[in-house]
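Sequence lines set the chain letters: A, B, ... in the order given, protein chains first and strands last, and positions in each chain run from 1. Keep in mind that what you see is a predicted model, and the values were worked out from it rather than measured.
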Protein chains: 2
Amino acid sequence: MSSVAKNSAAKAVPVAKSAEKPAAKRVRRTAEEARRLILDAAEERLARQGPEGLRLQDIARDVGISHPAILHHFESREGLVRALIARTNAQLRDSLLGALGSDAANQDAADHIGHVFEALSDRGTARLLSWLLLTGRATEESDAHNIMGEIVEALQAKREEYAKDQGTPAPDKEDTLFIAMLTANAAFGEAIVGRQLAEAAGLDQDGIKRFRKWFAKLLNDHLESGS
Amino acid sequence: MSSVAKNSAAKAVPVAKSAEKPAAKRVRRTAEEARRLILDAAEERLARQGPEGLRLQDIARDVGISHPAILHHFESREGLVRALIARTNAQLRDSLLGALGSDAANQDAADHIGHVFEALSDRGTARLLSWLLLTGRATEESDAHNIMGEIVEALQAKREEYAKDQGTPAPDKEDTLFIAMLTANAAFGEAIVGRQLAEAAGLDQDGIKRFRKWFAKLLNDHLESGS
DNA sequence: GCAAGTACTGACATTCTTGTCAATATCCGA
DNA sequence: TCGGATATTGACAAGAATGTCAGTACTTGC
């Protein structure tokens, strides 16, 4: 050992009192893994406790690291929030467009409605996005722009295709847009006030399912009535 | 002026350096008035900047008082929030039930929809309520319970009356409940994501109006189709 | 093995926010 | 006009939160 006496008891910084802590074997993750874990923890905190539960110290404790580690990976708290927003947006986009694209020939609204509601309710995606909208963030990010635009395009394409098959006139594009908007609004609203309202009305979990079906039927009736 | 030399330069506490501040003539409001002003300012801050903009110092500056004055009137920040919630709930209740009760014979959904949307959008009522729901407050307040219950009752009564006039069968109560829920959800959703979505879709203010009308028509069609 | 790169940490600095307190100014009734 | 009640204030206290920094320990390429 050439460079001796480096971690003995010399310098003075770690002190190292007799036989106390076994040093706890520091763990080291890849940067990517660490970022993922941190975002996961932040996401859950946000979903469970709302915006005020998003504190670096808490998140760090959840992950099992010190809070400066978070700063190391995300620069600042704001950076963390930005990253969380970006990831949530991407997940939402995949979830929605994926569902819309997969069962290509499915014209039944109920399935799509279900997907939208679940995509927004699960893991508190809607709550997260609502919070960021409420705090005035993402005003210029305009990620939502693309998502909404793509979805309306996809929906309109399906309706036109369906109309051609049936020999009915092509549907109005604004009508398609309104359907998408209503669904989005309703899903967001449900994610936020849904539980309260359902409780107030004495609806159980099954009642909520009935509500979604009822809503899907409402839209289906509209679709079939021809604009 | 018998008791002279009271605000001269004596005691030592206010220091009163030569000719600086003219003492600024302290204003004194009634407790009620002060509370009202404070709540107004808090409400606006919340609507404009979201939950993070609700700081005692800021609110105090808006009103033109010092922040301990707020504590004096509301005990604590939490007390202020509670009071704000209570007032907002009461306003919302009056607004919604008032509209529903006034034009007694009006069966047209469009007007009611318009009222609901406006009541929730104006002054950021929905944003405020959303925030408090997101932060997990008002879980047991259950003020919302009463409001929702009353509204469904009122709506159902109107539908039954209308059905009797028309000789049609009485409407299903759950259907009425679902209509109310959808409207509430959609209005909340619009209050939060509405602007973003509309922007994304290239809708202007007029487009939003068209959307609301479209939604009202959707419900009207449903009402007239008999459940 | 060695050295460079970097994930990670403890301690500290800074700033912000709620809340307390004693003192003061204003209103209002006697 | 006096005196009590109370709305209001400045100064301070306590705590929490983000951010900085120098140093430590793990990994990986040579």
A:S66: partners by side-chain contact (heavy atoms from CB on, under 4.5 Å), with sequence neighbours left out: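 If we apply the side-chain contact (heavy atoms from CB on, under 4.5 Å) test to A:S66, skipping adjacent residues, the hits are A:P68, A:A69.
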
Counterpart residues, side-chain contact (heavy atoms from CB on, under 4.5 Å), relative to B:E118 (two or more places apart):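 side-chain contact (heavy atoms from CB on, under 4.5 Å) check on B:E118 returns B:D122, B:R212.
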
Mind checking what makes salt bridge (charged side-chain N to carboxylate O under 4.0 Å, His left out) contact with [X], not counting sequence neighbours?
X: B:E153; value: B:K173
X: A:E75; value: none
X: B:R127; value: none

Name every donor-acceptor pair, under 3.5 Å, that has one atom in a side chain of residues 34-43 of chain B and the other anywhere in the protein, sequence neighbours excluded.
from: B:R35; atom 1: NH1; to: B:H73; atom 2: O; distance (Å): 3.0
from: B:R36; atom 1: NH1; to: B:D40; atom 2: OD2; distance (Å): 3.4
from: B:R36; atom 1: NH2; to: B:E33; atom 2: OE1; distance (Å): 3.4
from: B:R36; atom 1: NH2; to: B:E33; atom 2: OE2; distance (Å): 3.4
from: B:D40; atom 1: OD1; to: B:R87; atom 2: NH1; distance (Å): 3.0
from: B:D40; atom 1: OD1; to: B:R87; atom 2: NH2; distance (Å): 3.0
from: B:E43; atom 1: OE1; to: B:R87; atom 2: NH2; distance (Å): 3.3
from: B:E43; atom 1: OE2; to: B:R123; atom 2: NE; distance (Å): 3.0
from: B:E43; atom 1: OE2; to: B:R123; atom 2: NH2; distance (Å): 2.6

Sugar-phosphate only, base, or nothing, as touched by B:L54 at under 4.0 Å among non-hydrogen atoms: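 It contacts sugar-phosphate atoms only.
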
Nucleic acid contacts - residues 35-46 of chain B versus DNA chain D, non-hydrogen atoms under 4.0 Å: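 Close to the strand, none.
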
Ion pair A:D58/A:R61, N-O distance below 4.0 Å: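 Yes.
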
ring-ring contact (aromatic ring centres under 6.0 Å, His included) contacts in which one or both residues fall within residues 176-208 of chain A, not counting sequence neighbours: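 Every pair satisfying ring-ring contact (aromatic ring centres under 6.0 Å, His included) with a residue in residues 176-208 of chain A: A:F178-B:F211, A:F178-B:W214.
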
Heavy-atom donor-acceptor pair, B:R26 side-chain to D:dT8 base, under 3.5 Å: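 When only heavy-atom distances are counted, B:R26 does reach the base of D:dT8 through a donor-acceptor pair under 3.5 Å.
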
Expressed as a whole number of angstroms, how long is the span from [X]:[atom1] to [N]:[atom2]?
X: B:D58; N: C:dT18; atom1: CG; atom2: P; answer: 8 Å
X: A:L56; N: C:dT14; atom1: CG; atom2: P; answer: 19 Å
X: A:R77; N: C:dC16; atom1: CZ; atom2: P; answer: 15 Å
X: A:E78; N: D:dG19; atom1: CD; atom2: C1'; answer: 14 Å
X: B:E33; N: D:dT6; atom1: CD; atom2: P; answer: 18 Å

C:dC16 OP1/OP2 closer than 4.0 Å to side-chain N/O of B:R55: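 For C:dC16, OP1/OP2 do not have a side-chain N/O of B:R55 under 4.0 Å.
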
Nearest-nucleotide comparison on DNA chain C, the residue closer to the 5′ end among B:T30 and B:Q57: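 Final value for this comparison: B:Q57.
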
A:E78 CD: over 12 foreign heavy atoms closer than 6.0 Å: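 Yes, CD of A:E78 has more than 12 neighbouring heavy atoms, counting only those of other groups under 6.0 Å.
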
What pairs of nitrogen or oxygen atoms, one from the protein and one from nucleotides 3-5 of chain C, lie under 3.5 Å apart?
from: C:dG5; atom 1: N2; to: A:R28; atom 2: NH2; distance (Å): 3.2

Salt bridge (charged side-chain N to carboxylate O under 4.0 Å, His left out): pairs with one or both residues in residues 62-74 of chain B, sequence neighbours excluded: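 Pairs touching residues 62-74 of chain B that pass the test: B:R45-B:D62.
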
Qualifying residues under side chain to side chain donor-acceptor pair (under 3.5 Å), relative to A:E174, sequence neighbours excluded: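 Residues passing side chain to side chain donor-acceptor pair (under 3.5 Å) with A:E174: B:R210.
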
Within residues 65-76 of chain A: residues closer than 4.0 Å to DNA chain C (heavy atoms):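 Correct list: A:I65, A:S66, A:P68, A:A69, A:H72, A:H73.
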
